[in-house]
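These values consider heavy atoms only, across backbone and side chains, with no hydrogens, waters or symmetry-generated copies.
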Amino acid sequence: MRVSLEGEKVILVPYMKEHVPKYHQWMQDPGLLQATGSEPLTLDEEYKMQLTWTQDPCKQTFIVLDKELVIGDFTHGHPHVEAMVGDVNVYMNDLDESQLAEIEIMIAEPKSRGKGLGKESVLMMMAFAVENYGINIFRAKIGESNEASLNMFRKIGF
């Protein structure tokens with residue numbers, strides 16, 4: 001399903017190969033790796049990962065664009081790398097519970113944190129998962145030291 005979702009502050013676009021270099025650059029940050037529970041990958045591995053994510057029916061990934069940073073008019077299908085600030089994902093991997101999904105958010109750009117972009121992205125992704133996949137239970141796994149993420153998820157009722 002290759003759609004874009006537009007909110008008040010963010011646009012969620014499918015994770016495209018054009019996004020990989022900037023995404024890879026973010027994932028060189030030890031703090032982001034720790035906060036997301038990720039392992040560092042080579043650029044080539046990141047391209048392969050992007051491809052597998054777009055083909056996996058149990059995963060839905062969107063790149064988060066800050067609407068204020070989009071240059072020109074938003075065009076569906078254009079990656080708008082200049083406006084990338086993070087990503088949001090749902091994983092439907094629990095075979096025993098088809099209505100449950102794990103949700104993740106990463107606002108990688110420090111200048112874009114604390115502006116409500118993560119909250120809006122998560123709420124949009126949850127609505128998308130409810131409408132398109134029949135998900136009605138969401139789980140978020142967050143490290144105890146990630147106060148910003150813990151607080152944001154608590155604010156929206158987790």
Side-chain angles (χ1 to χ4, degrees), residues 1-41 46 49-50 53-54 56 58-71 74-76 78-94 99-133 135-158:
M1 196 172 304
R2 309 282 295 166
V3 299
S4 298
L5 308 173
E6 189 168 350
E8 218 173 281
K9 300 175 182 182
V10 300
I11 301 170
L12 305 182
V13 297
Y15 186 22
M16 300 175 223
K17 68 181 185 306
E18 294 88 348
H19 296 128
V20 172
K22 188 167 185 176
Y23 191 91
H24 178 69
Q25 184 182 354
W26 289 337
M27 299 315 283
Q28 303 310 297
D29 177 341
L32 275 181
L33 288 172
Q34 182 185 3
T36 59
S38 301
E39 295 294 323
L41 300 175
E46 202 75 69
M49 183 73 77
Q50 181 270 337
W53 281 39
T54 59
D56 187 334
C58 293
K59 292 179 179 151
Q60 181 66 54
T61 299
F62 286 103
I63 293 295
V64 178
L65 305 180
D66 182 335
K67 283 176 87 169
E68 291 181 357
L69 302 177
V70 172
I71 295 173
F74 174 73
T75 308
H76 177 73
H78 186 283
H80 289 283
V81 173
E82 78 281 356
M84 282 176 70
V85 297
D87 73 338
V88 61
N89 310 285
V90 289
Y91 305 104
M92 298 155 286
N93 296 332
D94 194 332
Q99 296 176 322
L100 178 136
E102 185 177 325
I103 188 155
E104 291 183 350
I105 180 71
M106 173 182 74
I107 300 299
E109 292 290 336
K111 67 183 182 301
S112 298
R113 295 180 189 144
K115 295 167 57 177
L117 305 180
K119 179 181 175 185
E120 184 177 67
S121 298
V122 166
L123 292 172
M124 288 169 60
M125 180 58 107
M126 289 172 65
F128 178 83
V130 168
E131 289 173 28
N132 293 280
Y133 299 106
I135 303 296
N136 60 21
I137 303 168
F138 293 91
R139 172 176 52 210
K141 293 180 183 173
I142 305 164
E144 291 178 18
S145 63
N146 191 342
E147 283 296 320
S149 194
L150 288 167
N151 290 336
M152 189 217 61
F153 275 98
R154 284 184 189 121
K155 281 181 190 170
I156 59 175
F158 278 73

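In this structure, R139 contributes its side chain and L100 its backbone to no donor-acceptor pair below 3.5 Å. A donor-acceptor distance shorter than 3.5 angstrom exists from the side chain of E120 to the backbone of E8, with no hydrogens or angles considered. Checking side-chain atoms of R154 against main-chain N and O of S149 turns up no donor-acceptor pair under 3.5 Å. When atom types are taken as modelled, the side chain of Q50 and the backbone of V20 share no donor-acceptor pair closer than 3.5 angstrom.
Note: W26 CH2 to L32 CG = 9.0 Å, rounded to the nearest 0.5 Å. Of the inter-residue distances, the one linking E102 atom CD with K59 atom NZ reads 10.5 Å to the nearest 0.5 angstrom. If you take CG on L117 and CD on E68, they are separated by 8.0 Å, rounding to the nearest 0.5 Å. Distance check, rounded to the nearest 0.5 Å: CD1 of I135 to CD of Q60 gives 11.0 Å. Of the inter-residue distances, the one linking S38 atom OG with E104 atom CD reads 7.5 Å to the nearest 0.5 angstrom.
The shortest non-hydrogen separation linking P79 to V13 is O-CG2, 4.4 Å. Considering all non-hydrogen atoms of both residues, L150 and G143 come closest at CD1-O, 3.8 Å. In terms of heavy atoms, F62 sits closest to P14 at CD2-N, 3.8 Å. Among all heavy-atom pairs drawn from E6 and K67, the shortest one is OE2-NZ, 3.0 Å. Nearest heavy-atom pair, L65 versus V85, reported as atom, atom and distance to 0.1 Å: C-CG2, 4.5 Å. Of all the heavy atoms in M27 and T36, the pair that sits closest is CE-OG1, 3.6 Å.
Using the six-membered ring where Trp is involved, F158 and F153 have ring planes that are perpendicular, over 60° apart on the 30 and 60° scheme.
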Quiz item: Could you go step by step and tell me if V90 and F128 meet the side-chain contact (heavy atoms from CB on, under 4.5 Å) rule?
Solution: CA-CA 10 Å; V90 289; F128 178 83; 5.8 Å; no
Practice problem: Quick one: do E109 and D66 satisfy side-chain contact (heavy atoms from CB on, under 4.5 Å)? Show the steps, please. | Solution: CA-CA 10 Å; E109 292 290 336; D66 182 335; over 6 Å; no
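For Q28, the CD atom sits in a packed shell: over 12 heavy atoms of surrounding residues, nucleotides or ligands are nearer than 6.0 Å.
Judged by distance alone, the side chains of D87 and Y23 do bring a donor and an acceptor atom under 3.5 Å apart.
Side-chain contact between S121 and L12 is present, with at least one heavy-atom pair separated by less than 4.5 Å. At a threshold of 4.5 Å between non-hydrogen side-chain atoms, the residues M124 and V88 do not count as touching. Within the 4.5 Å cutoff, side-chain heavy atoms of M84 are placed close to those of H19.
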